[in-house]
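Keep in mind that the numbers below use all heavy atoms, side chains included, and drop hydrogens, waters and symmetry copies. Here is how names work: the chains are called A, B, and so on, in the same order as the sequence lines, proteins then strands, and each is numbered from 1.
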Amino acid sequence: MILTPSIMMTLTLGAFIVGSWVQRKSRVSLLHPVIIAMVLIIAVLKISGISYTEYFQYNSFIHYLLGPSVVALGVSLYEQLSRIKGNVTTIFVSVFSGCVVAILSVVLVGRLFGLDESVIRSFEPKSVTTPIAISLAEGNGGIVSLTVVAVVLCGIVGAVFGPKILDLIHVRNPLARGLAMGTASHGIGTARAIQMGALEGAVSGLAIALMGMITSLFLPLYHLIA
Amino acid sequence: MKTVKGIFIILLFMALGEFCSMLMKNFVPGNVLGMMLLFCALSAKVVKLSDVKPVADFLTNNMVWFFVPCSIGLMDQFDQIKAILPGFVVICLVTTLLVVAAVGVVQELQIRRKKS
């Protein structure tokens, strides 16, 4: 079988377009476009006997775009700073609490279930956007491939259940809701936050950047102390 | 030309970030440093917002499908994840929603306190 980047990237985009269409038609939030794309692509690869390594190699261009998209968050950070000026300190406090809860809860649950230290370290940066999480997992002795899967799944979990949790605990302020989505579920949560409203989307984008920054600083420090 | 300029600026700052990251032995990832440097350059008016905005908006608005290729890594992890399934499910579900709740509540309380 002849594999080319164009064939394999068409598969990726086609599966994602089908996923978006299914979600729009079904209105079931659990049918997240990325989940549907994952199921479709894995099925195609299994049937045709193409390995993940091969698939990924031909899709490396799409994957590469994650890096520049993190750099691009500097622009939304700059744009939104004036709109949230009075709340800069509170936002830092909230995202920092999110970072501490994320890392400590993973360590706690991990130890409770008797997971290996390297597995726990792979899950610690799971609320951070993929390119940052990969660097953090590498730097702290985690298993990178496991980190990537956890990051994507946690992104989907936050996007699907996040708004319901926020309703349940009566968090109604759009700034607080957007911030919670971006801090817990990075880009995938932000895509959901954009649907909730303009401010939610913008603040969620800001939260990806802040969570990435704060976790990058806090996680190595945590490992120095703990 | 506008688009080329935007792509150039984003890649330039990513490269600068990676270089700084190398200097500090990858303590902070290069793309985060690139983001911070780009933010500083915009604040200092070294980079014009209108030059990067279209390309930056394209990247941030399309982030979701950039995640698809690496998510397929799941297919090689099935066995490893099966071995730790209960812990894995709890970590993905509970800790993520704990973070949603914690950030939401902390921010909402701070805003309410400010208003009163």
Subject >> A:L146 side, atom CG; B:L74 side, atom CG - distance, nearest 0.5 Å >> reply: 10.0 Å
Original post:
Between A:H186 and B:F67, which heavy-atom pair has the shortest distance, and what is it?
Top reply: ND1-CZ, 3.5 Å
Subject >> Nearest heavy atoms of B:V32 and A:V70, plus distance in Å >> reply: N-CG1, 4.3 Å
Original post:
Quick one: what part of B:R112 sits under 4.5 Å from any heavy atom of chain A, side chain, backbone, both or neither?
Top reply: side chain
Original post:
With a 4.5 angstrom heavy-atom cut-off, which part of B:I111 approaches chain A: side chain, backbone, both or neither?
Top reply: side chain
Subject >> chain A contact via B:L109 - side chain, backbone, both or neither, heavy atoms under 4.5 Å >> reply: neither
Original post:
Of the listed residues (A:I188, A:L108, A:L136, A:V119), which shares the most heavy-atom pairs with chain B below a 4.5 Å separation?
Top reply: A:I188
Original post:
Say you draw a straight line from CD of B:E108 to CZ of A:R177; how long is it, rounded to the nearest 0.5 Å?
Top reply: 9.0 Å
Subject >> side-chain contact (heavy atoms from CB on, under 4.5 Å) between B:R113 and A:T90, worked out >> reply: CA-CA 11 Å; B:R113 184 185 292 174; A:T90 64; over 6 Å; no
**OP:** Over all heavy atoms of both residues, which pair between A:F16 and B:V64 is shortest? Give the atoms and the distance, please.
**Re:** CE1-CG1, 3.9 Å
Subject >> Gap separating the CD1 atom of A:I134 from the CG atom of B:N31, nearest 0.5 angstrom >> reply: 9.0 Å
Subject >> Most chain B-contacting option - heavy-atom pairs closer than 4.5 Å, from A:P220, A:G212, A:G201, A:G110 >> reply: A:P220
**OP:** Report the option among A:A191, A:A37, A:G162 that has the most heavy-atom pairs separated by less than 4.5 Å from atoms of chain B.
**Re:** A:G162
Subject >> Part of B:E18 lying under 4.5 Å from any heavy atom of chain A >> reply: neither
**OP:** Evaluate the criterion side-chain contact (heavy atoms from CB on, under 4.5 Å) for residue pair A:V109 and B:V94; output intermediate values, then yes/no.
**Re:** CA-CA 9 Å; A:V109 173; B:V94 177; 5.7 Å; no
**OP:** Determine whether B:I81 and A:V149 make a side-chain contact, defined as any pair of heavy atoms from C-beta on separated by less than 4.5 Å.
**Re:** yes
Subject >> Side chain / backbone / both / neither for B:A102 at chain A, heavy atoms under 4.5 Å >> reply: side chain
Subject >> Flag if over 12 foreign heavy atoms under 6.0 Å of NZ, B:K48 >> reply: no
Original post:
Do A:N173 and B:Q110 come close enough that some side-chain heavy atom pair is under 4.5 Å?
Top reply: no
**OP:** Using a cut-off of 6.0 Å, state whether more than 12 heavy atoms not belonging to B:K114 lie near its atom NZ.
**Re:** yes
Subject >> Which of B:V52, B:L49, B:V105 touches chain A most, by non-hydrogen pairs under 4.5 Å >> reply: B:L49
**OP:** Working to the nearest 0.5 Å, report the span between CD1 of B:I72 and OG1 of A:T53.
**Re:** 13.0 Å
Original post:
Nearest heavy-atom pair of B:T96 and A:K126: which atoms, and what distance?
Top reply: OG1-NZ, 3.5 Å
**OP:** Give, for atom SG of B:C92 and atom CD1 of A:I156, the distance between the pair rounded to the nearest 0.5 Å.
**Re:** 9.5 Å
Subject >> Nearest heavy atoms of B:V103 and A:S94, plus distance in Å >> reply: CG2-O, 3.7 Å
Subject >> Proximity breakdown for B:L38 and chain A, heavy-atom pairs closer than 4.5 Å >> reply: side chain
Original post:
Does some side-chain heavy atom of A:L115 sit less than 4.5 Å from a side-chain heavy atom of B:I91?
Top reply: yes
Original post:
Hey, which of B:L97, B:L98, B:V90, B:V68 has the most heavy atom pairs under 4.5 Å with chain A?
Top reply: B:L97
Original post:
Which one of A:S127, A:P131, A:G139 has the most heavy-atom pairs closer than 4.5 Å to chain B?
Top reply: A:P131
Original post:
Is there side-chain contact between B:M63 and A:T190, with at least one heavy-atom pair below 4.5 Å?
Top reply: no
Original post:
Taking the side chain as C-beta and beyond, is there a heavy-atom pair between A:F56 and B:D76 under 4.5 Å?
Top reply: no
Subject >> Among B:C70, B:G30, B:G87, B:P29, residue most engaged with chain A (heavy-atom pairs, under 4.5 Å) >> reply: B:C70
Subject >> Top of A:L179, A:L112, A:V34 for chain B proximity - count of heavy-atom pairs under 4.5 angstrom >> reply: A:L179
Subject >> Side chain to side chain, B:F88 and A:F113, heavy atoms closer than 4.5 Å >> reply: no
Original post:
Got B:V100 and A:F161 here, is their nearest side-chain heavy-atom distance under 4.5 Å?
Top reply: no
Original post:
Which pair of non-hydrogen atoms, one from B:M35 and one from A:A209, has the smallest distance, and what is that distance?
Top reply: SD-CB, 3.2 Å
Subject >> Chi angles and distances behind the side-chain contact (heavy atoms from CB on, under 4.5 Å) call for B:W65, A:L13 >> reply: CA-CA 8 Å; B:W65 58 266; A:L13 289 186; 3.4 Å; yes
**OP:** Step through the shown structure and confirm whether more than 12 heavy atoms of other residues, nucleotides or ligands are within 6.0 Å of CZ on B:F78.
**Re:** yes
**OP:** Name the option with the most non-hydrogen atom pairs under 4.5 Å to chain B; the candidates are A:C154, A:G98, A:S135.
**Re:** A:C154
Original post:
Can you say whether A:E79 sits under 4.5 Å from chain B via the side chain, the backbone, both, or neither, judging by heavy atoms?
Top reply: side chain
Original post:
Using a cut-off of under 4.5 Å for heavy-atom pairs, which of B:G73, B:G34, B:A101 has the most such pairs with chain A?
Top reply: B:G73
Original post:
How far does OG of A:S76 sit from CG of B:D57, to the nearest 0.5 angstrom?
Top reply: 7.5 Å
